[in-house]
Amino acid sequence: MSRKFLIALIVTLLFPHTIPVYALDTSFETGKSSKEDKENSLSIKGNYEKKGSKGKKTGETTSKGIDKQDQEAIKSIGQAMSQSGADVTLPLEAVFMSKIAELERNTEPFLSCRIATNPKLGRDFGLSAEIQPGVIEPYKADYLTKAAQSNNYIRDIADEQAIRAYRNCLASYGAVIAQSYLYLAQDLDDLKASVGRDKEGAITVNGIGYDDFIILADAALKRALRGLTNATVKGTYERVINDNAPCQFDRSLENIKCGSSLVTLGSIPQLTASGVKIYGGSFMGFQGSYKLSKSWSYQDAIEKLKTTSKYAKFAQEVAKYTEALESKGLAADATFVRKKAWEIAKSGKQTLSPAKLMPGTH
């Protein structure tokens, strides 16, 4: 029998109540430990749930914050659009002549005509008494003056064929601008832009910004360069260039009449045919100027939408799609898509494929 066993036996005999007491203590400690374990478990679970709830609330708060920022950004764009009045005025010729001036660098017939960048003067046709810079031949000057006042024919005085060719250039420019104007007017109507004309002939355009307008104007000019489609414009143009009547002065060296056409030479040339202004201030009878807002455009709105969280990807897709449309000469469709895309963002609706924003699609 081992020594440890004897000691345990003696303790049991001498203290018979030890076991129950010991057992009771053991039970108490065990219960206490279980209770603490349970409390610790509940505490950990509570802390976890509290942290999870806090994280969820933080995520929701962050999401709400982003949404609010997007709403404020869109609201700011919308306010800029609604509060912008017409702050720039473009005469009809200014809308198209800057692009025509670029064509005069390397594209016929503009390269030969150069009316935008180098309009011809009388001296270019021999109607000048200047024999060298600053030196005038008095006898020739007197002769030319009297010939003009007498409405003389100019075939023996100046280069009549060159004058006739210049007249045809003026008619060509007038016809192209008139056809471009008609295409542009149709595009504005298709986009449902509000267009009004005042007593002075100024055309106020609402519902479209300057940058969008210029995109449409450039596209309209490109279409006009492919050929004249308006019957009146085409008929008037052909009537002018086919008029081979002799040319003569009309009371001055600057005014030359060729049949029913009257060419006015100078830095601001003009052409009138049968009482209709073909070029210069009016183009095939069309005249006026455009008033627009330069502070906003649908193109700019799409660029700004790229900085928002909700519509950034959508705006990038719209920008890529509309650039492809413009490369195909479909500027009006591109502007329509930008307009519809902006309206979706403004209303907070779900985005659509840019192709579904095309006119006639849903």
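Note that the structure is predicted; figures quoted are calculated from it, not measured.
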Query - Connected via hydrophobic side-chain network under 4.5 Å: I256 and L121 - result: no
Query raised in the report: Between T272 (side chain) and G275 (backbone), is there a donor-acceptor pair under 3.5 Å?
Result: no
Report task. Name all residues meeting the side-chain contact (heavy atoms from CB on, under 4.5 Å) criterion together with Q161; count only those two or more places apart in sequence or in a different chain, and write none if there are none. Result -> D159, R164
Query raised in the report: At what distance, to the nearest 0.5 angstrom, does CZ of R114 lie from CD1 of I100?
Result: 15.0 Å
Query raised in the report: Going from SG on C113 to CG on N168, what distance comes out if it is rounded to the nearest 0.5 angstrom?
Result: 8.5 Å
Query raised in the report: Hey, is the main chain of G280 close enough, under 3.5 Å, to the side chain of Q270 for a donor-acceptor pair?
Result: no
Query - Partners meeting ring-ring contact (aromatic ring centres under 6.0 Å, His included) with Y279 (sequence neighbours left out) - result: F283
Requested in this report: Please go through L111's hydrophobic cluster and name the other residues, only I, L, V, M, F, W, Y counting, with side-chain heavy atoms under 4.5 Å joining them.
Outcome: none
**Report entry** Within residues 178-188 or reaching into it, pairs that qualify as salt bridge (charged side-chain N to carboxylate O under 4.0 Å, His left out) - sequence neighbours excluded
**Finding:** D187-R223
Requested in this report: Following the transitive rule for hydrophobic clusters with a side-chain heavy-atom cut-off under 4.5 Å over Ile, Leu, Val, Met, Phe, Trp and Tyr, establish whether V233 and I115 coincide in one cluster.
Outcome: yes
Report summary line: Closest non-hydrogen atoms of M284 and A171, given as atom of the first, atom of the second and distance, are CE-O, 3.8 Å
Report task. Using atom types as modelled and distance alone, determine if a side-chain donor or acceptor of Q179 lies under 3.5 Å from a backbone N or O of T229. Result -> yes
Query raised in the report: Taking the side chain as C-beta and beyond, is there a heavy-atom pair between I203 and L92 under 4.5 Å?
Result: no
Query raised in the report: So with a 6.0 Å cut-off around NZ of K234, is the heavy-atom count from everything else above 12?
Result: no
Report summary line: By ring-ring contact (aromatic ring centres under 6.0 Å, His included), F314 pairs with (sequence neighbours left out) none
Query raised in the report: Can you name the closest pair of heavy atoms from A158 and L127 and give their distance?
Result: CB-CD2, 3.4 Å
Requested in this report: Return the set of residues passing side chain to side chain donor-acceptor pair (under 3.5 Å) with K146 (not counting sequence neighbours), or none when no residue passes.
Outcome: D142
Query raised in the report: Does the side chain of V176 come within less than 4.5 Å of S180's, by heavy atoms?
Result: yes
**Report entry** Heavy-atom check, side chain of V195 versus side chain of D189, under 4.5 Å
**Finding:** no
Query raised in the report: Ignoring hydrogens and geometry, is there a side-chain-to-backbone donor-acceptor pair from E317 to S353 under 3.5 Å?
Result: no
Query raised in the report: What do you reckon, are the aromatic ring centroids of Y173 and F110 less than 6.0 Å apart?
Result: yes
Query raised in the report: Given L271 and V240, is the side-chain contact (heavy atoms from CB on, under 4.5 Å) satisfied, shown in steps?
Result: CA-CA 10 Å; L271 173 63; V240 170; 4.3 Å; yes
Query raised in the report: Could you give the distance from NZ (K291) to OG (S293), rounded to the nearest 0.5 Å?
Result: 13.5 Å
**Report entry** K99 bridged to E102 by N-O distance under 4.0 Å
**Finding:** yes
Report task. Any chance you could measure E303, atom CD, to S297, atom OG, to the nearest 0.5 Å? Result -> 9.0 Å
Report task. For K356 and M358, indicate whether the former's side chain and the latter's backbone hold a donor-acceptor pair under 3.5 Å. Result -> no
Requested in this report: Check for a donor-acceptor pair, side chain of T307 on one end and backbone N or O of K304 on the other, with a separation under 3.5 Å.
Outcome: yes
Query - Counterpart residues, side-chain contact (heavy atoms from CB on, under 4.5 Å), relative to I214 (two or more places apart) - result: L90, Y210, D218
Query raised in the report: Do Y237 and I278 touch side chain to side chain, with heavy atoms closer than 4.5 Å?
Result: no
**Report entry** ring-ring contact (aromatic ring centres under 6.0 Å, His included) involving Y321 - partner list, sequence neighbours excluded
**Finding:** none
Query raised in the report: To the nearest 0.5 Å, what is the distance between SG (C247) and CG (N152)?
Result: 13.5 Å
Query raised in the report: Same hydrophobic cluster for I215 and M97, using side-chain heavy-atom links shorter than 4.5 Å among ILVMFWY?
Result: no
Query - Smallest separation among heavy atoms of G266 and P119, with atom names - result: O-CB, 3.8 Å
Query raised in the report: Where is the tightest heavy-atom contact between A334 and T322, given as atom of each residue plus distance?
Result: O-CG2, 3.4 Å
Query raised in the report: Within a strict 4.5 Å, meaning less than it, do heavy atoms of the D243 and R167 side chains meet?
Result: yes
Query raised in the report: Partners of D250 by side chain to side chain donor-acceptor pair (under 3.5 Å), sequence neighbours excluded?
Result: none
Query raised in the report: Just checking, is any N or O donor in the side chain of S112 or E108 under 3.5 Å from an acceptor N or O on the other one?
Result: yes
Query - ILVMFWY cluster, L262 and I241 together (side-chain gap under 4.5 Å) - result: no
**Report entry** Electrostatic pair E343-K340, nearest N-O below 4.0 angstrom
**Finding:** yes
Requested in this report: Determine, step by step, whether L265 and Y166 satisfy the side-chain contact (heavy atoms from CB on, under 4.5 Å) criterion, reporting the C-alpha distance in whole Å, the side-chain angles of both residues, the deciding distance to 0.1 Å, and the verdict.
Outcome: CA-CA 10 Å; L265 302 175; Y166 190 60; 3.8 Å; yes
Report task. Examine distances only and state if a side-chain atom of S347 and a backbone atom of I344 form a donor-acceptor pair shorter than 3.5 Å. Result -> yes
**Report entry** CG-CG distance between L221 and L184, expressed to the nearest 0.5 angstrom
**Finding:** 10.5 Å
Query raised in the report: Are V88 and V205 grouped together when hydrophobic residues (ILVMFWY) are joined by side-chain heavy atoms under 4.5 angstrom apart?
Result: yes
Query raised in the report: Is there a donor-acceptor pair closer than 3.5 Å between any side-chain N or O of T308 and the backbone N or O of L305?
Result: yes
Report summary line: Using a 4.5 Å side-chain heavy-atom cut-off and chaining through intermediate ILVMFWY residues, the residues clustered with I131 come out as V135
**Report entry** side-chain contact (heavy atoms from CB on, under 4.5 Å) between E160 and F125, intermediate numbers included
**Finding:** CA-CA 8 Å; E160 184 179 66; F125 304 105; over 6 Å; no
Query raised in the report: How far apart are the C-alpha atoms of V318 and V337, what are their side-chain angles, what is the distance that settles it, and do they pass the side-chain contact (heavy atoms from CB on, under 4.5 Å) test?
Result: CA-CA 8 Å; V318 169; V337 170; 4.2 Å; yes
Requested in this report: For the residue pair D190 and F336, establish whether any side-chain heavy-atom pair is separated by less than 4.5 Å.
Outcome: no
Query raised in the report: Taking K339 for the side chain and L191 for the main chain, is one N or O donor matched with an acceptor at less than 3.5 Å?
Result: yes
Query raised in the report: Between the main-chain N or O of R239 and the side-chain N or O of N242, is there a donor-acceptor pair closer than 3.5 Å?
Result: no
Query raised in the report: Which pair of non-hydrogen atoms, one from G207 and one from W296, has the smallest distance, and what is that distance?
Result: C-CH2, 3.8 Å
**Report entry** Side chain to side chain, Y181 and V95, heavy atoms closer than 4.5 Å
**Finding:** no
Report task. Ignoring hydrogens and angles, state whether a donor on the side chain of T264 or E254 is under 3.5 Å from an acceptor on the partner side chain. Result -> no
Report summary line: Those residues at least two apart in sequence (or on a different chain) that pass side chain to side chain donor-acceptor pair (under 3.5 Å) with E130 are R123
Query raised in the report: Looking at side-chain heavy atoms only, is the closest gap between I163 and I154 below 4.5 Å?
Result: yes
Query raised in the report: Who pairs with D211 by side chain to side chain donor-acceptor pair (under 3.5 Å), at least two apart in sequence or on another chain?
Result: none
Query raised in the report: For atom NZ of K306, is the number of surrounding heavy atoms from other residues, nucleotides or ligands below 6.0 Å larger than 12?
Result: yes
